[in-house]
Structure formats: C-alpha cells, structure tokens
Amino acid sequence: MQWAKIFARVKYNLAVSGVPNYPLSALPVRIEDLEITGDSYYGYEPLQQVIAQKHSVNASQVFFTLGTSMANHIAMAVTTQPGDDILIEQPTYELLLATARYLEANVNRFPRHYDNGFQINPDDVRKSITPKTKLIALTNLHNPSSAYTDEKTLGEIGSIAERIGAQVLVDEVYLDSAFDLNPRSSARLGNNFIVTNSLTKVYGLSGIRCGWVIAQPELTQKMWHLNDLFYVNHVHLAERLSLIAFQNLDEIKAWSCNILDQNHKLLNDFLNSRDDLEAYRPGFGTVVFPRLKNGKVDELSEILINKYETAIVPGKYFEMPNYFRIGLSCKPDIFQAGIENIDKALNDLTHS
Ligand SMILES: Cc1ncc(COP(=O)(O)O)c(C=O)c1O
C-alpha cells in the first residue's frame, strides 16, 4: 500500500485496481438530499436497507464502514482471537495478510495456481485447516488474477469451515466487475459466510469510503460495538452520498463497464502480440496477472517508472516475483499509452 501511494504515482498508473473517479457532478445530487449530521447511530437506515437489498439479506445483517479495508479488519477482529489460525489464499491481497498478523493471528495458506486459472481446489483448503482455524479468507474476484470462484466451490469451502466451527470471509470488492456473469454475492450461501465489499473499486467512488460487511446479526452487533472504539459514527455526508450513489448504481455500472470493456480489448491485443508473457485471462475484472517468462519483473518495473512514467504492481507484493499485475481501470487513452509503454519496456528488457 505504501509503495502504491508513494512510488506508483506516475502519469500512466496501471498499478491501480479501481476504475477512475466517478465525478460528483455526474451524480444527481440536490443540496436538500445532503446533511452534515443525521440520524445514524448503528447505521443510517435508508442506506442499511439498500445494501441489504443488494445482498438479499436483512438490514440487521449489514455493518456499514470505511471501505473494504475497514470491513476486512473488523470482520477479522470479531471472528478471531490472538493465537487463532486464519487460513488465507496464496497469492492474495497483501493487506489481508497484514491485517491478520496485526490481530496476532497465525496465518496459514492454501494455494491458487496459474496452471488451473488460479481456481480454488477445496481439497487444498481441506488439507490446510487446523483445529485452531477460525476463519478462511479469500477474494472473489481474486486479487491479483481476477479469477471467479463459483458457488459450488464456495459451498464446499463453507462446509469444510462449518465442520470445524469456522467462518468464511469473502472479499467481494471486485465481484461486480464480472458484468456478464452477473454473479450473486456469497452472503446467502450459509450462516458462516461473511462478505465484505464497497463502492470503491468497480464504481469509482473511493472518496466516500462506502464499505460494508454482511454477516449474521450477532456478528454485525459485535462489529457496531467494536466500531464505537474506532470512530463511533460514519461521516453522515458520505452516508447521504452513498445512498444517492446506490440509487444511481445502474448508470455508474454502465459507465464502468464501458471503460473496462474497451481496456480488455486493448489488453487482449497486447497479450496476443507478446510471446514473452503468459496470462490467465478471464475476460472480466479490473486486473490481470501475467507471468514474465524471461527476465526480472523488478527490472521491468524500474524501466517503466524511470523511463516511461508507467506503473505496474510487481508480483513480489503478491509473493510471486515472476508475475506482475496490470490494472485495466484507467481511462482507455491512458491505458492504451500505458500498455504501449509496457511493450517498449519489455523490448528494452530483452535487449539489455
Ligand atoms: C481485495 C481487496 N480488498 C480490499 C481493498 C481495499 O478496498 P477499499 O478501497 O474499499 O478499502 C483492496 C484494494 O486494493 C483489495 O484489492
């Protein structure tokens, strides 16, 4: 995260995983729909309702918070004690690991392999659980590969967890970017599923930090009480804006889909043209995770930043140093220039 905030701030930033910022001026905001302080103690009721509807659950199962980051933190904090085991996919979003370690859990891993499209094999999960496993955590869509985990696989993971009294945390922050699959949230797959999500990545609304957790009411109660230690109430203005965003989600989604569709086409042409890269390509999602067959990704990244003002995320941040992550979510003209720069940097690397 520090690397992304400090070093990846270049003209062609293909290190980002969320679509460009959706402008406030594009939302039909009326001043009378906004208020600085309001009736929001354990959730702002209208917002609780729309999030509950999105997931086909009751409002009591919604905990509203600051982005998926805080959602993951609080979800882990209420389901584990220091010394418990948390089983996390590998590779994964680095901050899931960091949060588990910050909470003094023991982190165990189950693998996701390039060779089978980064799919989860439930047998690997079964082999990796321990009697102390309290939580199994994964991302769907997968960060960094954008692989989609289907309901059958998730159901099997849910049963494995249930047998040892564990919960399954599914971070769905990228799920809505699988537009054509129209995937359903795993919130309804069983009482031991906990889902985290936000409007930050797929909807370009990072600035209002609209994030949430879906869990059983006894857990969301604990989350609200834990939240009283952190920041008591959410910023009400952001809750009001989040509600307006939800009421216009279809338009925002169409805008986002249009950007990602264009970039997926550009990406395909680029990957087809390079035999020094191989990549699992699901055809959806906001990121792709190619493998560099020869050469060092760190060198590629340095050439890109220093010579071409372009950033990618080196695979070392996902414990896979021969890979790198390309974000598909900048504006298409920037994306096109960015991948042209990757093309040039790959040629430089070959000739160096
Ligand atoms: C899998 C995953 N979860 C959560 C986050 C953080 O999301 P938010 O900006 O909603 O806090 C990210 C950011 O990159 C992510 O990749």
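Ligands are counted one by one from 1 in listed order, and the atoms in each one are counted from 1 as well.
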With sequence neighbours left out, the residues meeting salt bridge (Lys or Arg N to Asp or Glu O under 4.0 Å) with Glu32 are Arg30
Applying side chain to side chain donor-acceptor pair (under 3.5 Å) as the test, list every pair that has at least one member in residues 97-107; sequence neighbours left out. Asp85-Asn106
Examine distances only and state if a side-chain atom of Asn272 and a backbone atom of Asn268 form a donor-acceptor pair shorter than 3.5 Å. yes
Are His234 and Phe64 close enough that their ring centres sit under 6.0 Å apart? yes
Side chains of residues 135-143: which donor-acceptor pairs under 3.5 Å do they make with residues two or more places apart or in other chains?
unit_1 : atom_1 : unit_2 : atom_2 : d
Thr139 : OG1    : Glu89  : OE2    : 2.6
Thr139 : OG1    : Asn143 : N      : 3.0
Asn140 : OD1    : Thr149 : N      : 2.8
Asn140 : ND2    : Thr149 : O      : 3.1
His142 : ND1    : Ser145 : OG     : 2.7
His142 : NE2    : Pro91  : O      : 2.8
Asn143 : OD1    : Arg325 : NH1    : 3.0

In this structure, which one of Ile244, Asn248, Leu249 forms a side-chain contact (heavy atoms from CB on, under 4.5 Å) with Phe246? Leu249
Put together the list of close N/O pairs, under 3.5 Å, between ligand 1 and the protein, could you?
unit_1   : atom_1 : unit_2 : atom_2 : d
ligand 1 : 3 (N)  : Asp171 : OD2    : 2.5
ligand 1 : 9 (O)  : Thr200 : OG1    : 3.3
ligand 1 : 9 (O)  : Arg209 : NH1    : 3.4
ligand 1 : 9 (O)  : Arg209 : NH2    : 3.2
ligand 1 : 10 (O) : Thr68  : N      : 2.8
ligand 1 : 10 (O) : Thr68  : OG1    : 3.1
ligand 1 : 10 (O) : Ser198 : OG     : 2.8
ligand 1 : 10 (O) : Thr200 : OG1    : 2.8
ligand 1 : 11 (O) : Thr68  : N      : 3.2
ligand 1 : 11 (O) : Ser69  : N      : 2.9
ligand 1 : 11 (O) : Ser69  : OG     : 2.5
ligand 1 : 11 (O) : Arg209 : NH2    : 2.7
ligand 1 : 14 (O) : Tyr174 : OH     : 3.3
ligand 1 : 14 (O) : Lys201 : NZ     : 3.2
ligand 1 : 16 (O) : Asn143 : ND2    : 2.7
ligand 1 : 16 (O) : Tyr174 : OH     : 2.6

